[in-house]
Student: 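Okay, handing you the structure first.
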Amino acid sequence: MARPPAHGSVIVPDWQETTEGKEYLACILRKSRRRVFGLLERPVLPPPVAIDTASYKIFVSGKSGVGKTALVAKLAGLEVPVVHHETTGIQTTVVFWPAKLQASNRVIMFRFEFWDCGESALKKFDHMLLACKENTDAFLFLFSFTDRASFEDLPGQLARIAGEAPGVVRMVIGSKFDQYMHTDVPERDLTAFRQAWQLPLLRVKSVPGRRLADGRTLDGRAGLADIAHVLNGLAEQLWHQDQVAAGLLPTSAENTPS
């Protein structure tokens with residue numbers, strides 16, 4: 001597997017905040033709310049700005065309770081469940097994200113199909129893990145900053161889930177980062193993990209999404225700003241991996257701890 005690209009080397013950072021970027025973001029918003037897309041739906045763009053779509057399947061992995069379902073809900077602009085209920089089967093969610101490439105200045109519409117499955121179901125039914133891993137383009141490994149055991153479980157998850165898939169993108173996300181007063185994972189441990197595994201490691205907050213003036217409806221544009229770094233990070237890693245697979249970029253040896 002290729003070495004992960006440096007942040008901002010593939011995707012133009014903060015492009016979504018420019019005038020051009022906001023025009024493209026409008027296709028995944030309805031007024032100030034996020035649009036929800038089914039498996040067969042896609043954003044509609046006017047003919048002058050029609051762009052190519054790059055589709056990817058992403059399996060979200062992690063211990064029960066670390067926030068897998070909550071993360072996917074945030075990425076899709078949906079309400080985050082207040083009370084934790086383990087996902088009983090496989091849940092799929094589609095998220096569209098426009099991004100601009102550094103090398104060509106092309107705008108690509110990324111289509112991310114997130115697959116989330118409860119830990120108990122994965123252990124009970126072998127076919128569910130096989131279905132989640134089949135033709136997967138990326139693994140998202142989650143841990144919680146308030147659950148030390150979920151962080152210590154990462155090496156085992158990486159070996160068990162991604163050990164036989166060397167060409168698949170792997171990323172790590174720490175949830176509940178805003179609860180720093182109660183963190184069980186100090187910065188020195190994160191640094192050691194990065195050095196050992198050479199994987200992208202992002203952080204997300206668990207605070208509820210911001211609301212519109214009515215106090216009830218999620219503010220879609222503000223929600224996009226909160227999770228843009230995750231979607232841009234995914235787009236960057238996946239596009240880079242595609243370029244390597246196509247022979248357009250050199251391949252480097254996979255970096256794993258000895």
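Basis for what follows: all heavy atoms, side chains included, without hydrogens, waters or symmetry-related copies.
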Student: Check this for me, if you would: do Asp226 and Arg210 make a salt bridge, where the nitrogen-to-carboxylate-oxygen distance has to be below 4.0 angstrom?
Tutor: yes
Student: How many angstroms lie between atom CZ of Arg160 and atom NZ of Lys133, to the nearest 0.5 angstrom?
Tutor: 9.5 Å
Student: Looking only at heavy atoms, what is the nearest atom pair of Cys27 and Met109, with distance?
Tutor: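 The answer is SG-CE, 3.5 Å.
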Student: Can you tell me which residue pairs pass the salt bridge (Lys or Arg N to Asp or Glu O under 4.0 Å) test with a partner in residues 42-57, sequence neighbours excluded?
Tutor: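 Output for this query lists Asp52-Arg106.
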Student: Using the ring-ring contact (aromatic ring centres under 6.0 Å, His included) criterion, which residues pair with Phe145? Sequence neighbours excluded.
Tutor: Phe143, Phe177
Student: Mind checking whether Phe96 and Phe110 have ring centres under 6.0 Å apart?
Tutor: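 For Phe96 and Phe110, the ring centres are not under 6.0 Å apart.
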Student: Hey, what do you get for CH2 (Trp115) to CD (Glu134), rounding to the nearest 0.5 Å?
Tutor: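 Taking CH2 in Trp115 and CD in Glu134, the distance rounds to 8.0 Å.
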Student: Answer with yes or no whether the side chains of Asn232 and Trp97 bring together a donor and an acceptor at under 3.5 Å.
Tutor: yes
Student: Taking the basic N atoms (NZ, or NE/NH1/NH2) and the acidic carboxylate oxygens, is any pair closer than 4.0 Å for Glu79 and Arg211?
Tutor: yes
Student: If the threshold is 4.0 Å, N to carboxylate O, is there a salt bridge linking Asp189 and Arg194?
Tutor: no
Student: What I want to find out is whether Glu20 reaches Lys22 closely enough, with some N-O distance under 4.0 Å, to be called a salt bridge.
Tutor: no
Student: To check you understand the geometry: which heavy-atom pair defines the closest contact between Asp184 and Asp147, and what is its length?
Tutor: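 Smallest heavy-atom distance, with atoms named: OD2-N, 3.8 Å.
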Student: Under a 4.0 Å threshold between the charged nitrogen and the carboxylate oxygen, would Glu41 count as salt-bridged to Arg35?
Tutor: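 Glu41 and Arg35: not salt-bridged.
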Student: Would you say that more than 12 heavy atoms from the other residues, nucleotides or ligands in this model lie under 6.0 Å from the CZ of Arg33, or not?
Tutor: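 Open: at most 12 neighbouring heavy atoms sit under 6.0 Å from CZ of Arg33.
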